[in-house]
Structures are given as C-alpha cells and as structure tokens.
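Below is one structure, written out as structure tokens; the observations come after it.
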Amino acid sequence: MSRALYFLFAFFLILVVLVLGLQVGSFESDLGTLTEALLHYNPNDTTHFVLVHLRLPRLLLALVVGASLALAGYLMQAMVNNGLADPYLLGTASGASLGAIIVFFGFVPITLLGIYMPPIFALAGAFLVTLVVVMLGYRKRQLIPSQLLLAGIAISALGTSIVGLLTFLSDSESKLRTVIFWSMGSFERASWAMLPYPAVALLLALLLFVYYQKHLNILLLGEERAQALGVQVARTRWVILITVSVVTGFAVATSGPIGFVGLIIPHVTRGLMGTTGRSNLLFCAFVGGFFMLLCDLLSRLLYPPAGLPIGIITSFFGVPFFVYLLIRKNYNFKG
Amino acid sequence: MLYTGGIIKIRSLKQKQNVSLYCKIKWQLCLCLLLALAACNQSDQVTQKQIVLEDDLGREVKLNRQPKRVMALATSMTEMLFAVLDTSTIVGRTQNDDYPAAALTKPVVNNYPVDYEQVLRLKPDLIFTVEGITPLDVAARLEELGIPVFYQRYETVEDIFTALEDIGQLMGREQQAEHLADSLREQVAQIKARHQQQEQPLRVLGLAGYDPIYVYGHNTAITDKLRILGAENVVEETYEPLTREYILKSNPDVVLGGTPQELEESFFSIYPELRKTNAYQNRRLYAPTTDLMARPSPRVVESIRELERFLYP
C-alpha cells in the first residue's frame, strides 16, 4: 500500500472512531442528534450541550494527547538512537505528577484567581524536572544522550519517591484516590478552554519537524556519520529536546501520564512506513491520535459510564501489538 | 453463630504424630515430649471451650475463651465498641480515633501501617475491624501473632444495629447492645415516619471527591439514609468514579459534599458545565460532617438528622 493510502486510511479511521465515540455516554444520542447538534446547535438542549461541550472536547483532547505522545516518543527514540526511549525519559511524567500532587495535597490553593492549579503546576513540574535532567545530561557544551538517559531515570525515581512519600503521609482517602487516578490518566477535565494549549504545541511541533525530518533520519545513522553528512547534531538535539519537553509537558499536564503510546506508536509507524519514511512523523502523530481515541472508546464501552482509566487500556491493547511487532522478522529499529 | 468443641481432638492428634516422629530421630527425647504432651492435654481439658465464630466476611475466627481485652483497628469500630462495652475492656485506639472522648484516654495503635509491636504490647484477645479498612493480609499476620481479627460489614443502617448486637453477644453484653440497638431503631423509625409521604422524592448526589469525580454509589450507606428520609441517591452505579455527563444527566436536586464556597472553588470551577444542575441553580449545596458521613457507627442516627436538616430546612 502506498504512503498516501496509509494516510487516507488513518484519517478515515480517526473520523470513524470520533463519530462512534461521540455517541457513547450517559445521554442517548445517535447520528441524527449528532449532526443536529453540530449544524444547528441549540444551547437549551442538554443533549446538544453534552455533545458539544463535554464529549467533543474530550475526544479532541484524546486525539491531541495521543498524537503528542506518539510524536514525542518518535523524536526521543531518534535522539537517543534507542527503541526503548519514550517521551517520559526526561522525567516529564514524574515532574508533572509531583507538581499536580503538591496542589492536591494542599501545599498550594487548589484554585488561584479562579484558575484551577493542578494542570498549571503539573506543567511547571514537568518543565522544571526536564531542566534538571538536561543540566545533568549536558557535558562539555554537548548533550550526551546516554548521560541524559541516566539522569532522566534517576530524577524520575526521585520524583516518584517524593510522590510516594506524600501519598503515604496523606490523611484522607479522597486525596489518595486523586493521586492514583492522576497517575493513570484521564480526559474527563477536557474543555474548549484548555484544548488550545496542547493543540497549538502539537501543531507547532509538527510544522517544525516537517523541516527537520531529514535530520532525524540521518541522526539514526549515529553521531559521527550524521556529522559527516553535514547535520548539526548538537543543534538538532536541542530542537528535539525542547519540542519533546513542551509537547509532552502539555499532554501530561492536561491528561496525566498515559503510558505506552509514546513507546509503541513510533514502532508501529516505522513498521508500516519504513524506518526513514519522509512523512513518518506526521503519520506517527495520526496513528497516536487514532490509538488514543480507540482506547478511550473501548474503555467507555467496557466499563460505562466513567470508563476504565485510559492508561490501563493503552497498555492492555498496546502491548500485544508491540509484541507482534517485536517477533515479526522484518522489523528492525534502525531499518 | 456460636458453636464450641471439635477442635481439641484435631490438635492432640497432631501432637501425637509429632511425638512418634521425634522418637525415630532421638528416642531419648520421647519421654520428655510425652510428658509435655500430657501437660498439654491437661491444659486443654481445663480450657476446653474453644470458640469458633464466623465473621461478616465468612472468615473463621477462633477464640480460646470469651474475650476480655479488645480493641478496634477502624475509627468507626472504636465508636461501636465504646457504645456497647465496658470501657475497661477496650485496650487501645487508632491514631485517628477521636470519639467518644473516653477513647482519647486509651493508648494509640497506628493502623496504617499497623504497628504490630504496639498491638502485642497491649495484648488484646480479639481485634474488631471493618471490611475495607484493614487489609486481609494484615489480619492474617495478626492471627499468626495469636490475635484473632473479627470483620464486620454494613450496607444498610439496620446492618449497623445488628452489628452492635453481634458485638454484644460476642462479648457477653447482650442486654446493653439490644437496648441500644432498639433505641436507635426507634429513633430511625420516628424520622422515617416524618418523610414517607414525599410526593416528589428529592434526588441527592453525595460527592466524595472532586477530581476525579467520586460519588457515594448506591451500595453505600448514604442510599439507605436517604431512603429513610424519603429521598433518593441519584447514583445507580455501585462503583464511584463518574463523568460530568453522568451527573448532568442525573441532574440532582441537592449536592452533599461541601459548602457552596468550597464546591464553587474546587468543583464547579473545574466542571463549569455542572452549573446547569438543579442543585447549583437553586444553591442546594451542603457540607455534611465528614466523620458522620464516613463512619458507620451508632452516630448514624445523628448523621441522618443532619441530612434531614439539609434536605428539609
């Protein structure tokens, strides 16, 4: 199948899952109500309100977050030249969790000036931890991927243990539940007001890497050869690093740390499109978004009305596919 | 619920087998062990009444004699024990127990994680607890240490009263327990009589957490409390985390879960869509006392009265 066909197919699947997902919920709705709500929105009709203000932003957030994580995962794997890398390697997830939990446990008021603080602090935590990890991975005016990896693991572990300590010392059951839920990810807070942040970050990243795609592929050949082929390795790494931390930061801050998408989808992309496909990044984002939407739909069908925590579903359905890719003979990370 | 005997035979049989095994290895030991066995059997005959009970989880709870020193590993259970027992038979409390005031005079045992050493120091004959508060592996460890654990489980208000009677029976305080349970039943019946003629029962949502939205499901005590008050729990699910859409659909008349200001800041500001509900529109938002809501204890009647004041001001 040609690449254009793959794209068309992915786009079609996204549309199908989106339409299906819009019809699942506590309020009864069918295709007719859906088109009615989208074309002739009636603010006094509660079903319309639910479709447009609850379900649609929720699904779009799932789409954006799935795409963001898949994209960030692809970039990270290219940067450290290792198929085990995922977007949270820089400590983003544990930093975001720490930030959010600091608010949940009452060290900071839960709303300041009418703004709900947990996502803001999650974003700040993600960036702060990433900054520390990058500082540790920076030697002799260079980013050293292996050093970055180790620093990421260490700082993540530290963040996780601080979260664990706070959880242990928690005095209320509802705080505990909040923390557990946060760690498994959820799209329930989605709204039109918050959607633009992760969406704009994702779009900018996609635009940027339409230009940098070639550099990425050359980077896979290894540092020396990339240098020899005229790629400014150091600069490319910085661009990747900043993009990954911004895109992942927004994704985690809005929906919590959702696992496996960022690890699996890049492999799926390379498996389908080849290791050095020209439009791999875009396709990766598409597949990531589709996968997240599908998982969200499945979670709500399996366990209505609230749905199973999304992180459970992503790994439950993602891992078997990942294993299939691993045992398939003709797939190899470096092509 | 109670039956005795039957256990001793099994125990002495095991000991005899042990003896013959040891004889083969070192026959000099045989005599000593036989003597020990004889002593053992004698003491068994003295305390022949081993009591085997079944708790609310269907677990077997074995007691060598009627318990004289007990304690609870759950805050609500401490309230239950103080309501039925002689205060001197209660040997400790958990770090969170604050009711009744007499509980504060008892030594503290940390219940999360359980401070086994402190439990052993206080030497209770039996520990009472509630399902969901004490993990089963903690109970198993305590039983290894020789302290049986008795679990109770309640779904309805009546379950709490029956549980009081169970405690009374187990501890030889049947009369006190029955008297208390009957008086509580009578109070509940009076409240219930006031609200059975509701034409449009109030539909109530009990919020347990804001982010994620956690609610008191239909399997929790609030459902029965509301039923007594002629109102109903809007939540039909047994589990607790829910979506905005579910709440919008159920459209509660009353939300229990915080003062209007708390709910505004931490709930409706995150989920502005829920401002459409009747409860928000009519400002019927109330903050029930957390301890009364969370603790299934004799104070359940107090809790029902508090809810009554909210629902029918």
Side-chain angles (χ1 to χ4, degrees), chain A residues 24-29 43-44 46-47 49-55 57-58 100 103-104 106 109-119 168-182 184-194 256 299-300 303-309, chain B residues 74-76 94-96 98 110-113 132-133 206-217 220 234-251 257-258 261-278 281 290-291 293-295:
Chain A
V24 179
S26 303
F27 281 84
E28 302 260 325
S29 64
N44 295 322
T46 323
T47 312
F49 180 80
V50 164
L51 280 167
V52 174
H53 287 276
L54 298 186
R55 288 189 203 166
R58 184 200 161 102
V103 185
F104 288 136
I110 203 125
T111 39
L112 259 182
L113 307 168
I115 303 165
Y116 189 55
M117 282 293 127
F168 180 78
L169 295 175
S170 136
D171 54 352
S172 103
E173 218 184 311
S174 82
K175 282 179 187 168
L176 278 181
R177 279 191 298 239
T178 303
V179 174
I180 292 167
F181 249 72
W182 167 265
M184 289 192 288
S186 156
F187 301 120
E188 192 49 35
R189 284 180 304 270
S191 68
W192 286 113
M194 65 129 84
S299 93
R300 286 184 298 141
Y303 203 70
L308 290 167
Chain B
T75 305
S76 64
T94 78
Q95 73 280 14
N96 297 322
D98 52 8
N110 209 64
N111 74 341
Y112 174 75
I133 301 285
L207 269 182
Y210 304 147
D211 181 14
I213 303 172
Y214 256 93
V215 300
Y216 291 105
T220 54
V234 294
V235 182
E236 286 161 8
E237 312 300 319
T238 51
Y239 45 80
E240 300 182 16
L242 280 183
T243 58
R244 293 169 288 180
E245 194 176 327
Y246 187 92
I247 292 171
L248 210 52
K249 165 103 183 185
S250 57
N251 195 11
Q261 199 198 344
E262 277 166 4
L263 287 170
E264 184 66 58
E265 282 175 6
S266 315
F267 186 68
F268 291 107
S269 68
I270 329 174
Y271 314 108
E273 305 84 8
L274 297 181
R275 293 198 171 116
K276 280 177 171 280
T277 52
N278 283 343
Q281 295 291 329
T290 316
D291 287 348
M293 285 292 275
R295 298 183 189 177

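Throughout, a chain's letter reflects where its sequence line sits, starting with A, and its residues are numbered from 1. Just so we're clear, the structure is a prediction, and the values are computed from it rather than from any experiment.
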Response to the item:
Interface check, chain A: of B/Glu273, B/Glu265, B/Lys249, B/Arg244, most non-hydrogen pairs under 4.5 Å belong to B/Arg244

Heavy-atom distance under 4.5 Å to chain B: side chain of [X], backbone, both or neither?
X: A/Phe168; value: both
X: A/Thr178; value: both
X: A/Tyr116; value: side chain

Item to complete: Give the minimum heavy-atom separation between A/Glu188 and B/Glu245, together with the two atoms involved.
Response: OE2-N, 4.4 Å

Worksheet, complete the sentence: So CG of B/Asp98 and OG1 of B/Thr75: to nearest 0.5 Å the spacing works out to 7.5 Å

Discussion item. Can you confirm whether B/Leu263 sits close enough to B/Leu207 that some side-chain heavy atom of one is under 4.5 Å from a side-chain heavy atom of the other?
Written reply: yes

Practice prompt. Please check if any side-chain donor atom of A/Ser29 sits under 3.5 Å from a side-chain acceptor atom of A/Arg55, or the reverse.
Written response: yes

Worksheet item: Quick one: what part of B/Tyr271 sits under 4.5 Å from any heavy atom of chain A, side chain, backbone, both or neither?
Response: side chain

Worksheet item: According to the interplanar angle, ranging from 0 to 90°, do the rings of B/Tyr210 and B/Phe267 count as parallel (below 30°), tilted (30 to 60°) or perpendicular (above 60°)?
Response: tilted

